[in-house]
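Chain A is the first sequence line, chain B the second, and so forth, proteins listed ahead of strands; every chain is numbered from 1.
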2 protein chains.
Amino acid sequence: MLIPAAAPKSVDFVSAAVTAITDLIRDRDLKPGDRLPAEATLSKDLHVSRTVVREALRSLAALRLVELGAGKRPTVAELDDDAFALMFQHGVCTDQIDIQQIYDARRTIEARTATLAALRRTEAEARAIIMHAKAMEQDFDVPAKVMEHDLALHLAIARASRNPVFALIIGAFHGVTRQTWPVGWKSRSSDDERHAMNELHLQLAEAIAAGDPKVAAALMDRHFDVSLKALTRAGII
Amino acid sequence: MLIPAAAPKSVDFVSAAVTAITDLIRDRDLKPGDRLPAEATLSKDLHVSRTVVREALRSLAALRLVELGAGKRPTVAELDDDAFALMFQHGVCTDQIDIQQIYDARRTIEARTATLAALRRTEAEARAIIMHAKAMEQDFDVPAKVMEHDLALHLAIARASRNPVFALIIGAFHGVTRQTWPVGWKSRSSDDERHAMNELHLQLAEAIAAGDPKVAAALMDRHFDVSLKALTRAGII
DNA sequence: TCTAATGAACCTGTAATACAGGTTTGACGG
DNA sequence: CCGTCAAACCTGTATTACAGGTTCATTAGA
């Protein structure tokens, strides 16, 4: 049973072209890295100007369905959370989503990624996760570095869950998290509390390395309890 | 503390323009419906041609950050799952995500939306959710209608959870689900099984209406057990 | 005074052309 | 067989043009 990939509401040429190109990817069964026809070719085939084709390709590039590059033919792209991140940030900037809602979604999903990561992580992944946890403590004096290791740790856990959907969503949240993280860090009342947070991350990492899904999920949950409390105290929720 | 909204890797004019426009939305604190400067104005302000501005606006329109329309100035857009759906579909078409992974993510998230919906749904939402469940049984002979009510029910639950992040993600999955749902429906061995599935939806709806989060979550979980089994039997997982 | 019509100004959608670079490819020479 | 190089190909950007949709203030009418 064939299903049209997108709504057929092609009032304007550009969305018609977008549909045509996504259909082309599907019909020819193109995979990431495969090259699409050149703009001029598409222009001729779709009977629209190159202007329209370019705007359509830009749309697809914005969604990271294709990749563009000077001189290079458009290629099918790999999944990437950049586009997702932009959308969530827009939702937050325009008051359509608040930080607490993002955190609740994160907590829901990351309890699961922690569970799955504990069950499925490779040895290399376990080492990487623990490395990030330790680095948080080592770089204690440089909050920006702590943050990046924090985010990288969560993303590494999501990847170790072996479900790209989770990795995508968690990665997407990081755009917003980068804006709130410093607030949470500062809102901790003492360095002791900050060390405790790092310690919690390390325990989480070790539970995943040890292959203990229940403990990993519980620690992840506690992590969000603590973080939410810090953000609440800072008044940004 | 100001945070640059997007990476500053503006090798090409268009991504620079995209960044400039998103910054503009943030800096001016624009909300959905607010109008952006006209293309010509942006073109002058950013010192690039209208071509570049248009491609940038198209990119943002693809992500549903702005809305375009003939003769109308670009406006800031409301959150919408269309763009998300396209990305997930692309992921599935290009073998970067498989159906089981989507279902696992759905199950994780929807256990939570069921819980929250049971706690937070309004009376009107409860009625709407039950209405969709009943409609699934009433339209039993028209699978396409059953599917739409099924999807609408899940989306209504997500909305009743009062977290737009969940609604967005669940809505995004529906693009893919529309392609697999008929397979699951056919794979049921008998109409009895199909009726049982509808009954399960009705029980779920009633648990949410009754404000019972535990039962709602448990029923949602069972729903996914059954659905996954059907899809497995059909061999698409 | 209020409302409805109207037209001008404004704006976007699409097309065509032009050219500066970057990329790919195949031919040629070693 | 391999490396080099130039031609062909392709994209990024700018400019101009015009059809048709939208907005808004002014004007005519009730």
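- One can place CG of L57(B) at 14 Å from P of dT14(C), the figure rounded to the nearest angstrom.
- Going from atom NE2 of H47(B) over to atom P of dG12(D) covers 23 Å, rounded to whole Å.
- R54(B) has a side-chain polar atom (N or O) that falls below the 4.0 Å cut-off from OP1 or OP2 of dG13(C).
- Nearest-nucleotide assignment on DNA chain C puts the 5′-proximal partner with V48(A), out of V48(A) and G71(A).
- In this structure, E67(A) atom CD and dT11(D) atom C1' are separated by 14 Å, rounded to whole Å.
- Listed candidates were dC11(C), dG13(C), dT23(D). Nearest to the side chain of K72(B) is dT23(D).
- Among the nucleotides dA14(D), dA15(C), dT12(C), the one closest to any side-chain atom of T51(A) is dA15(C).
- In this structure, CG of L36(A) is placed 16 Å from C1' of dC9(D), rounded to the nearest angstrom.
- Atom CG of L46(A) and atom P of dA15(C) are 11 Å apart (whole Å).
- Set against dA14(D), dT13(D), dT14(C), the side chain of R50(A) has dT13(D) as its closest nucleotide.
- The side chain of R35(B) has dT23(D) as its nearest neighbour among dT11(D), dT23(D), dT25(C).
- Side-chain N/O atoms of R58(B) and base N/O atoms of dG13(C) include no donor-acceptor pair closer than 3.5 Å.
- A ring-centre distance under 6.0 Å is not found for W181(A) and F173(A).
- Comparing atom distances between the E39(B) side chain and each of dG13(C), dT13(D), dA15(C) picks out dG13(C) as nearest.
- Residues R112(B) and D104(A) form a side-chain contact, since some pair of their non-hydrogen atoms from C-beta on lies under 4.5 Å apart.
- In this structure the side chain of L36(B) reaches within 4.5 angstrom of the side chain of V76(B), judged on heavy atoms.
- Note on ring orientation: taking the six-membered ring where Trp is involved, the planes of H132(B) and H149(B) are tilted (angle from 30° to 60°).
- Heavy-atom contacts from other residues, nucleotides or ligands closer than 6.0 Å to NZ of K44(B) number 12 or fewer.
- Summary of the strand contacts: T41(A) and S49(B) both lie near DNA chain D, and taking for each the nucleotide with the nearest heavy atom, the more 5' one is attributed to T41(A).
- One can place CG of L68(A) at 21 Å from P of dC9(D), the figure rounded to the nearest angstrom.
- Between dG12(D), dA15(C), dC11(C), one nucleotide has an atom nearer to the side chain of R73(B) than all others, and that is dC11(C).
- The NZ atom of K44(A) sits 15 Å away from the C1' atom of dA16(C) (whole-angstrom rounding).
- If you measure from atom CG of D12(B) to atom C1' of dG22(C), you get 13 Å, rounded to the nearest angstrom.
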